Amino acid sequence: MRYELVIFDNDGVLVDSEPISNRHLAAFLTELGHPTSYEDSVRDYMGSAMHRIHELVLERTGQRLPDDFDDVFHARVFAAFERELQPVAGVAGVLEKLAADGVPYCVASSGSHARIRVGHRVTGLDRWFEESRIFSSQDVGRGKPAPDLFLHAAERMGVAPGRCVVVEDSPLGVQAALAAGMDVYGFTAMTPAERLAGAQWLFADMSELPDLLI
């Protein structure tokens, strides 16, 4: 295999959470007086750490989101996860093959540790992700598109950045991976291919991934 570490984004790559999350984010922002459609949310916030949502709203409106915004949003999304969340189609097979082949892998997500763990528990993916394989933007000072999170994950996993490949579905994630000096494979199941420009490879079906990594 050409890589020594496979780094997965979480939302939209491991768990099919982006439709749920962006639906609730658009509704909550609209409720707070910042009219936002589902399409707006996907375009502007998909792949973002929470701090970027606060920054963009302040930049555009001059108004700060409420202090309890993150807590309320997460409560709503986590409740929806419990009812609706599914793993991305085909990803369990990918993880099973990587584990069987002894290929190191981890997750590096803009989401919080709590969000990652809830999603993995609900979908059953927690069997493949013990504590040492989970990295969040909470662990570093800046989220994507800064390279910090991916560099942190590589360092903790003991692999040089140039020997890592990132699997991403957001433009911010692709930018972060490239800034970290890593190859990146763009998953286009939900994101138009043109928005993942710069990725070394684009694919729409998760079952294709193992053959692409060889």
Side-chain angles (χ1 to χ4, degrees), residues 7-78 80-81 85 88 107-120 134-153 166-180 182 184 186-192 194-199:
I7 304 177
F8 290 95
D9 175 43
N10 189 56
D11 295 292
V13 171
L14 295 176
V15 296
D16 193 17
S17 54
E18 291 292 7
I20 300 170
S21 182
N22 283 284
R23 187 174 73 243
H24 282 274
L25 179 58
F28 193 20
L29 288 173
T30 299
E31 178 185 320
L32 293 172
H34 307 292
T36 305
S37 69
Y38 172 80
E39 291 75 19
D40 293 337
S41 181
V42 170
R43 182 193 65 225
D44 295 342
Y45 303 118
M46 183 170 160
S48 296
M50 291 301 294
H51 70 80
R52 188 169 185 272
I53 298 172
H54 287 261
E55 291 164 2
L56 282 179
V57 170
L58 179 61
E59 177 184 317
R60 291 172 174 178
T61 70
Q63 299 175 19
R64 295 186 182 277
L65 291 172
D67 291 342
D68 65 350
F69 178 86
D70 292 12
D71 290 340
V72 174
F73 174 65
H74 283 135
R76 295 182 182 186
V77 170
F78 292 177
F81 282 1
L85 190 62
V88 166
V107 58
S109 173
S110 291
S112 66
H113 279 282
R115 180 185 174 112
I116 298 168
R117 285 167 173 75
V118 168
H120 287 190
I134 298 175
F135 305 100
S136 161
S137 62
Q138 288 180 310
D139 302 330
V140 295
R142 300 180 298 170
K144 306 169 189 177
D148 305 34
L149 176 57
F150 290 138
L151 292 173
H152 171 71
V166 175
V167 184
E168 264 287 354
D169 72 330
S170 76
L172 293 176
V174 170
Q175 293 173 44
L178 295 175
M182 301 176 181
V184 55
F187 184 46
T188 62
M190 182 172 168
T191 309
E194 60 269 20
R195 296 201 68 210
L196 301 180

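Quick caveat: nothing in here was measured; it's all calculated off a predicted structure.
- Taking CG from D68 and CZ from F73, the interatomic distance works out to 13.5 Å, rounded to the nearest 0.5 Å.
- When all heavy atoms of S137 and G143 are compared, the closest pair comes out as CB-CA, 4.2 Å.
- In this structure, Q175 CD and L196 CG are separated by 10.5 Å, a value rounded to the nearest 0.5 Å.
- Side chain of Q138 to backbone of H113: a donor-acceptor contact under 3.5 angstrom is found.
- Between the side chain of S110 and the backbone N or O of G47, at least one donor-acceptor pair lies under 3.5 Å.
- Heavy-atom neighbours of R64 CZ from other residues, nucleotides or ligands within 6.0 Å: at or below the threshold of 12.
- Between L172 and M46 the shortest heavy-atom distance is CD1-O, 3.9 Å.
- Within the 3.5 Å criterion, the main-chain N or O of S136 finds no donor-acceptor partner in the side chain of S109.
- Across all non-hydrogen atoms, the minimal contact from P35 to G33 is CD-O, 3.3 Å.
- Between L14 and D9, the closest heavy-atom pair is CG-O, 3.5 Å.
- In summary, the side chains of S21 and R115 do present a donor paired with an acceptor at a separation below 3.5 Å, with no hydrogens or angles considered.
- Heavy-atom neighbours of D67 CG from other residues, nucleotides or ligands within 6.0 Å: at or below the threshold of 12.
- Note that CE of M50 is 8.0 Å distant from CG of L65, once rounded to the nearest 0.5 Å.
- Under a 3.5 Å cut-off, the side chain of R76 and the backbone N or O of L25 do not form any donor-acceptor pair.
- With hydrogens and angles ignored, the 3.5 Å screen pairs a side-chain donor or acceptor of H74 with a backbone N or O of D70.
- A pairwise comparison of heavy atoms in M182 and I7 identifies SD-CD1, 3.9 Å as the closest pair.
- Using modelled atom types, one side-chain atom of T191 and one backbone atom of D169 make a donor-acceptor pair closer than 3.5 Å.
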